[in-house]
Amino acid sequence: MKKLLFTLGTCSLCTTMYTQVGIGTDQPTAMLDVVGQIRMRDADQITTSSTKTSKSVKQIITIDGDGYVKRGEVTEFVKMPRIFVRGCSKSKSTVLGLNLLSGWRTINFDNVASPGFNIGNGFDISTYQFTAPEDGIYNLYAQFTMDSSFLGLSANANTGIGIFITPVGTKSPTLIAEETFTSLNISVLGISLGNISSPIRKVSSVVSLNAGDKVAFGAKTVLSVSALSSVSPTSDTFFTISQIK
């Protein structure tokens, strides 16, 4: 009889060990069913060079290959964009450089200092090009604003701005986006009313770049000028590049 009771008790214990457990509920629907807040006071930290100990740092919980629960910063698991550039010219006269394509010349943006920035160090002010440090999706934008003197020179001529990409391992740039239109100078009864077109040319595009691809911004003008004369080199004539994925 004692042997039978011991056997039944052992079977009952084994059954209990594999029964669903509820905390805060008497009707669990999983092996462990918790109703209420959970606080974990002690979990191994995933150690990286950027590990922080501040309580304000957002962390997530993971399970390693052995089933152990660990915690780590969100940025250790989710790739965050980290390439951001804003640049302009050091002066109101933005120099036009080498020919990119027929009728197009490089806009020599030569300043990424304040109020600009070059996070990721992708832009080279000596070549006026951005080289993608890593594969990703990038947002590209550029604009220039002509002052009255340059606008007068460009009257009735096509003037534009474009984005050029040179894939890694190649030498020929490809125009991927542009805004070009004619600056119109209107006259009525022989009296010039001046240029009625917008002095601003702007272009933007979202592109997929491979590490090593190069980006340059170009100006389209039929004028034999060496520079774009703008109103302000920091607020009116500039470019931005940002990694979005």
Side-chain angles (χ1 to χ4, degrees), residues 84-119 122-130 138-166 173-207 209 214-242 244:
F84 302 95
V85 187
R86 187 187 192 281
C88 59
S89 175
K90 291 181 179 179
S91 67
K92 290 184 178 181
S93 294
T94 304
V95 176
L96 298 179
L98 300 175
N99 289 336
L100 290 165
L101 292 176
S102 178
W104 289 90
R105 296 171 65 184
T106 304
I107 300 176
N108 290 0
F109 289 117
D110 57 0
N111 181 31
V112 289
S114 181
F117 41 82
N118 191 15
I119 301 173
F123 194 81
D124 188 337
I125 59 174
S126 65
T127 62
Y128 319 110
Q129 290 184 325
F130 170 79
Y138 294 79
N139 183 70
L140 312 175
Y141 177 85
Q143 74 169 53
F144 65 76
T145 304
M146 297 173 282
D147 67 6
S148 57
S149 61
F150 191 91
L151 196 60
L153 291 173
S154 62
N156 300 318
N158 275 341
T159 306
I161 188 169
I163 300 173
F164 293 81
I165 292 180
T166 305
T174 299
L175 177 64
I176 65 161
E178 70 170 300
E179 180 180 82
T180 301
F181 54 88
T182 302
S183 298
L184 296 177
N185 194 17
I186 301 298
S187 297
V188 177
L189 299 177
I191 301 174
S192 176
L193 301 181
N195 199 307
I196 64 171
S197 300
S198 170
I200 302 174
R201 301 293 187 272
K202 55 187 176 181
V203 63
S204 64
S205 185
V206 176
V207 298
L209 296 178
K214 297 183 182 300
V215 176
F217 301 102
K220 184 176 185 179
T221 175
V222 296
L223 303 174
S224 57
V225 295
S226 60
L228 292 171
S229 183
S230 60
V231 178
S232 169
T234 57
S235 61
D236 293 327
T237 300
F238 64 93
F239 75 93
T240 61
I241 298 173
S242 57
I244 58 179

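These numbers were taken from a predicted model, which means no experiment stands behind them.
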- Item | Asp110 and Ser89, any side-chain heavy atoms less than 4.5 Å apart | yes
- Item | Arg86 (side chain) donor-acceptor with Pro115 (main chain) under 3.5 angstrom | no
- Message: Run the ring pair (Phe, Tyr, Trp, His ring centres under 6.0 Å) test against Phe239 and tell me which residues pass, sequence neighbours left out.
- Response: Phe109, Phe123, Phe217
- Would you list the pairs meeting ring pair (Phe, Tyr, Trp, His ring centres under 6.0 Å) in which at least one residue belongs to residues 86-108, sequence neighbours left out? Trp104-Phe164
- Message: Going by side-chain contact (heavy atoms from CB on, under 4.5 Å), name the residues that satisfy it together with Asp124, two or more places apart in sequence or in a different chain.
- Response: Ser126, Thr127
- Query: Can you name the side-chain hydrogen bond (donor to acceptor under 3.5 Å, both in side chains) partners of Thr180, sequence neighbours left out?
  - Reply: Glu178
- Would Val85 and Tyr138 count as a side chain to side chain contact (heavy atoms under 4.5 Å, CB included) if you check the C-alpha gap in whole Å, the side-chain angles of each, and the deciding distance to 0.1 Å? CA-CA 11 Å; Val85 187; Tyr138 294 79; over 6 Å; no
- In chain order, what residues pass the side-chain hydrogen bond (donor to acceptor under 3.5 Å, both in side chains) check against Glu179, with sequence neighbours excluded? none
- When rounded to the nearest 0.5 angstrom, what is the spacing between CG in Asn118 and CD1 in Ile241? 8.5 Å
- Evaluate the criterion side chain to side chain contact (heavy atoms under 4.5 Å, CB included) for residue pair Leu209 and Phe130; output intermediate values, then yes/no. CA-CA 11 Å; Leu209 296 178; Phe130 170 79; 4.2 Å; yes
- Task: Apply side-chain hydrogen bond (donor to acceptor under 3.5 Å, both in side chains) to Tyr128 and list each qualifying residue two or more places apart in sequence or on a separate chain.
- Result: none
- Query: Nearest 0.5 Å, what's the CD1-OG1 distance between Ile200 and Thr237?
  - Reply: 9.0 Å
- Looking at Ile176 and Ser205, what are the two nearest heavy atoms and their distance? CD1-OG, 4.1 Å
- Main-chain N/O of Pro199 paired with Thr145 side-chain donor or acceptor, under 3.5 Å: no
- Considering all heavy atoms, the nearest Leu175-Gly162 contact: CD1-CA, 3.9 Å
- Query: What is the distance from atom OG of Ser102 to atom NZ of Lys220, rounded to the nearest 0.5 Å?
  - Reply: 8.5 Å
- Note on the structure: Residues Asn111 and Lys90: closest non-hydrogen pair is CB-CG, 3.7 Å
